[in-house]
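Structure first, commentary second.
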Amino acid sequence: MTYEQFYAVVRRVPPGRVVTYGQVAHMAGLPGRARQVGYAMAALSGESDVPWQRVVNARGEISTRSGGSPFGRIQRVLLQEEGVEFSESGRIDLERYRWEG
DNA sequence: AAGTTGACTATTT
DNA sequence: AAAATAGCCAACT
């Protein structure tokens, strides 16, 4: 399977808005494939034009990477720069920031 | 070919 | 509200 169909969806997410992994899978026509979306994001290189930082988990938080990768911290900063607010516990209000294609 | 792994999620304690 | 459980599915051993 190709990750391109996931990237195509993520590229449509406007700045300052977020979507969940499951949502991306569903919008790409592959419901139930949330984990593969996570892999697709992990496979992205720094030069990519895909706004990967706008993909968060279903609880509105930034998913933890394995290996203690620092990208989670970067993701939060990028989103805050776009105007997304984080709660004290590090969560995003999906009711307010979720993008509904 | 069978078992493990994990940027996930929904349900149940 | 937070943690454990169970289900998920493609990539990798």
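Atom set for the values below is all heavy atoms of this structure, side chains included, hydrogens, waters and symmetry mates excluded. In what follows, chains are A, B, ... by sequence order, proteins preceding strands, each numbered from 1. Nothing here was measured: the structure is a model prediction, and the numbers come from that model.
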Whole angstrom value for the distance that separates [atom2] of [N] from [atom1] of [X]:
{"X": "A:R59", "N": "B:dA10", "atom1": "CZ", "atom2": "C1'", "result": "11 Å"}
{"X": "A:L94", "N": "B:dT9", "atom1": "CG", "atom2": "C1'", "result": "13 Å"}
{"X": "A:Y39", "N": "B:dT5", "atom1": "OH", "atom2": "P", "result": "11 Å"}
{"X": "A:W52", "N": "B:dC8", "atom1": "CH2", "atom2": "C1'", "result": "17 Å"}
{"X": "A:R33", "N": "B:dC8", "atom1": "CZ", "atom2": "P", "result": "16 Å"}
{"X": "A:Y3", "N": "B:dG6", "atom1": "OH", "atom2": "C1'", "result": "11 Å"}
{"X": "A:L30", "N": "B:dC8", "atom1": "CG", "atom2": "P", "result": "17 Å"}
{"X": "A:Q5", "N": "C:dC9", "atom1": "CD", "atom2": "C1'", "result": "14 Å"}

Of all of residues 11-29 of chain A, which get a heavy atom below 4.0 angstrom from DNA chain B, listed by number?
->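 Output list: A:T20, A:Y21, A:G22.
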Out of C:dA2, C:dA10, B:dC8, which nucleotide sits closest to the side chain of A:Q36?
->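 That would be C:dA10.
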Which of the following nucleotides, B:dT9, B:dG6, B:dC8, is nearest to the side chain of A:S63?
-> B:dC8
Check every strand shown and say whether A:F71 touches a base, only sugar-phosphate, or nothing at a heavy-atom separation below 4.0 Å.
-> nothing
Looking at every strand, decide which applies to A:A42 at a 4.0 Å heavy-atom threshold: base, sugar-phosphate, or nothing.
->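 The answer is base, as A:A42 lies within the cut-off (heavy atoms under 4.0 Å) of a base atom.
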When you look at A:M27 and A:W99, which way does the side chain to side chain contact (heavy atoms under 4.5 Å, CB included) test go after all the steps?
-> CA-CA 11 Å; A:M27 290 167 79; A:W99 176 67; 3.3 Å; yes
Backbone N or O of A:A40 within a donor-acceptor pair of the A:Y7 side chain at under 3.5 Å?
-> yes
Are A:L94 and A:V24 in one and the same hydrophobic cluster, where Ile, Leu, Val, Met, Phe, Trp and Tyr link if side-chain heavy atoms are under 4.5 Å apart?
->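 They do not share one cluster, since no chain of ILVMFWY contacts under 4.5 Å joins A:L94 to A:V24.
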In terms of hydrophobic clusters joined by side-chain contacts under 4.5 Å, are A:V56 and A:V10 together?
->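 In one cluster: no.
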Exceeds 12 heavy-atom contacts within 6.0 angstrom, atom CZ of A:F86 =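 Check passes, neighbour count above 12.
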Above 12 or not: heavy atoms from other molecules or residues under 6.0 Å from CZ of A:R11?
->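 Counting neighbours around CZ of A:R11, more than 12 heavy atoms of other residues, nucleotides or ligands fall under 6.0 Å, so yes.
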Who passes side chain to side chain donor-acceptor pair (under 3.5 Å) against A:R91, sequence neighbours left out?
-> none
How long is the span from the OG1 atom in A:T20 to the CD1 atom in A:I92, to the nearest 0.5 Å?
->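 The OG1 atom of A:T20 sits 11.5 Å away from the CD1 atom of A:I92.
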NZ/NE/NH1/NH2 to OD/OE distance under 4.0 Å, A:E100 and A:R17 =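 No salt bridge links A:E100 with A:R17.
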Between the protein and nucleotides 5-7 of chain C, which nitrogen or oxygen pairs come in under 3.5 angstrom?
none

